[in-house]
Structures are given as structure tokens and as C-alpha cells.
Amino acid sequence: LWPWLLASSGLSALVQLVTLPFFPDSPSYLLIQKGNEEACRKAIRKLWGEGDHQAEIDDIMKEKVAMTSTKTLRVLEVIKERSLRWQLYILMTVMTTLQLCGINAIYFYSFEVFHTAKFEEYLIPYTSLGVGLCECLSSILCSTLIDRFGRKVLLWGGYTLMCSVLALLTMTLSLQHRFFWMHYFSVILIFLFVIFYGIGP
């Protein structure tokens, strides 16, 4: 079953490969990059149907003017630019915390936690699959929550809940030899951590 499950990801790639040639190019790409207004209008009609789309074309033209007046900076120039310093710090902080948040450790050790929790050997791969499914579903949920609460709230909330779960997980893994039910609590915490990771960072 696992070879088929892994091969199933190729199905979506095949669908994209077959259908992408039939999709129209982006109207903004056609107008800004290619400078082809007629192709842009054609793409807009294909995407949004017949009608007067002059307002959208005007918006794209304003974007083009703004882009031409903005200087393209090299990497070193971005680092030296004082006006971009805080944005750079924030970006570096978010990316660093994303790498060091512990999600890789959770995925790496989840198999061992499930094994210690006395799950049947044949069930452990499906439980691991459930962990990945939780991340996928929570990421979908995040896309609906981000408009309501904003990115900042989800980041702070996600990291706070993830830290709390990791602290509890450390406690349950330390006490799992004293209390038999701690194994199952550890499994629940792994699922919660993955959900909070998907919703937050």
C-alpha cells in the first residue's frame, strides 16, 4: 500500500502537467513584463468573462509605473539599506524560528513515541500518516483564520501554544515509565503540536 500512497503524489503533478498549457497567462505578467495589452485583455476575458475590465487594466498600469520607478536592489544593498533594516530583522527572526521550532524533531521521534505507546506495529505508519494529515488540514484552516485574526496573532498564538505543548511533551516523556497512560498523552500532544504548527507558523 505504501508504494501506491507515495506514487499518488505524482498524480497531481501529472494533472498539472496536462492542464497547465490550457491556462491563460497572468494578465499582469502579459502587460508588465511582455508589454502586450491585447494579450492582457484576452487573458482577462478568459479569466473573468466578457465585460468592461478597464479598471483592472488601469490598476495593472499603475503597478507597472510604480515598478519602473522603484530601484531594484542587490542583496548587499538590501542589507545596507537602513529603511529596510527592521523588515529584514523580522524576516530573519520568523525564518529562524520556523527552522528551530521543533517540527522536524517531532516528525523524527513520533515513530518512537508511537512505538513506546504500545501501538501495533502495522498501525504506526498510519498514525504517522495521520500526523501529516493533521498538518495539511490545519494549514487549510489557517487560510480561513488569517483574514479574521491576522498573521501576527496566529504567529504569536501558534508559537506560544507550541512552546506549551513541547514543555508538556518533555514532562510526559520523562514520566512515561512511571505512569502507563503518559504514553497516550504524549501521542495526543504530538498531534496538538502539529495542529498548532499548521495554524501558526
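What you see is a predicted model; the values in this text were computed from it and never measured.
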Item to check | pair Q87-E81: side-chain heavy atoms closer than 4.5 Å | outcome: no
Checklist outcome for this item: Tightest non-hydrogen contact, residues P24 and K46, listed as CB-CD, 3.9 Å
Checklist entry - Partners of R45 by salt bridge (charged side-chain N to carboxylate O under 4.0 Å, His left out), sequence neighbours excluded? => result E38
Next on the checklist: I need the Q54 CD to M61 CE distance, nearest 0.5 Å.
Outcome noted: 9.5 Å
Checklist outcome for this item: Taken in chain and number order and not counting sequence neighbours, the residues that satisfy side-chain hydrogen bond (donor to acceptor under 3.5 Å, both in side chains) with E50 are none
Checklist outcome for this item: salt bridge (charged side-chain N to carboxylate O under 4.0 Å, His left out) filter on E112, not counting sequence neighbours, yields none
Checklist entry - Any donor and acceptor pair, going by atom type alone, linking the side chain of E63 with main-chain N or O of I60 inside 3.5 Å? => result no
Item to check | Any side-chain heavy-atom pair of L47 and F23 under 4.5 Å | outcome: no
Checklist entry - Members other than L11 in its cluster, when Ile, Leu, Val, Met, Phe, Trp, Tyr link by side-chain heavy atoms under 4.5 Å? => result none
Item to check | CA sep, side-chain torsions, deciding dist, call: H183, F114, side chain to side chain contact (heavy atoms under 4.5 Å, CB included) | outcome: CA-CA 8 Å; H183 303 303; F114 296 150; over 6 Å; no
Item to check | Distance-minimising heavy-atom pair for A43 and D25 | outcome: CB-O, 3.6 Å
Next on the checklist: Hydrophobic clustering (ILVMFWY, side-chain heavy atoms < 4.5 Å, transitive) - are L155 and I140 grouped together?
Outcome noted: no
Checklist entry - Under a single-linkage rule joining Ile, Leu, Val, Met, Phe, Trp and Tyr whose side-chain heavy atoms are separated by less than 4.5 Å, which residues share a cluster with F108? => result Y109
Next on the checklist: Using the salt bridge (charged side-chain N to carboxylate O under 4.0 Å, His left out) criterion, which residues pair with E121? Sequence neighbours excluded.
Outcome noted: none
Checklist entry - About how many Å separate CE of M92 and CD1 of I79, when rounded to the nearest 0.5 Å? => result 8.0 Å
Checklist entry - For W86, which fellow cluster members are found when Ile, Leu, Val, Met, Phe, Trp and Tyr are connected by side-chain heavy-atom distances below 4.5 angstrom, either directly or through intermediates? => result Y89
Checklist entry - Nearest heavy-atom pair of L141 and T144: which atoms, and what distance? => result O-OG1, 2.6 Å
Checklist entry - From K34 NZ over to S26 OG, what is the distance, rounded to the nearest 0.5 angstrom? => result 12.5 Å
Under 3.5 Å, which donor-acceptor pairs do the side chains of residues 188-199 form with other protein atoms, sequence neighbours left out?
none

Checklist entry - Members other than Y29 in its cluster, when Ile, Leu, Val, Met, Phe, Trp, Tyr link by side-chain heavy atoms under 4.5 Å? => result L30
Item to check | Partners passing side-chain contact (heavy atoms from CB on, under 4.5 Å) against Q99 (at least two apart in sequence or in another chain) | outcome: none
Checklist entry - If we only count heavy atoms from C-beta on, is the R41 to I44 side-chain gap below 4.5 Å? => result no
Item to check | Check: L173 and T170 side chains under 4.5 Å, non-hydrogen atoms | outcome: no
Next on the checklist: Is there a continuous path of hydrophobic side-chain contacts, each under 4.5 Å between heavy atoms, that joins V187 to M171?
Outcome noted: yes
Next on the checklist: I'd like to check the side-chain contact (heavy atoms from CB on, under 4.5 Å) partners of W181; sequence neighbours left out, ordered by chain and number.
Outcome noted: F179
Item to check | CA sep, side-chain torsions, deciding dist, call: L154, I146, side chain to side chain contact (heavy atoms under 4.5 Å, CB included) | outcome: CA-CA 7 Å; L154 289 183; I146 197 166; 3.9 Å; yes
Checklist entry - Quick one: does E135's side chain get under 4.5 Å of V131's, heavy atoms only? => result no
Item to check | Interatomic distance, C142 atom SG to L137 atom CG [nearest 0.5 angstrom] | outcome: 13.0 Å
Checklist entry - Do L129 and L133 sit in the same hydrophobic cluster, where Ile, Leu, Val, Met, Phe, Trp and Tyr count as joined when their side-chain heavy atoms come under 4.5 Å apart? => result no
Checklist entry - OG of S9 to CG of L14: how many Å apart, nearest 0.5 Å? => result 11.5 Å
Checklist entry - Which pairs with one or both residues in residues 153-174 pass ring pair (Phe, Tyr, Trp, His ring centres under 6.0 Å), sequence neighbours excluded? => result none
Checklist entry - Which value, rounded to the nearest 0.5 Å, describes the distance between L17 atom CG and S12 atom OG? => result 11.0 Å
Next on the checklist: So M162 and C101, do their side chains get closer than 4.5 Å, heavy atoms only?
Outcome noted: yes
Item to check | Residue pair I106, L169: steps toward the side chain to side chain contact (heavy atoms under 4.5 Å, CB included) verdict | outcome: CA-CA 10 Å; I106 288 290; L169 188 59; 3.5 Å; yes
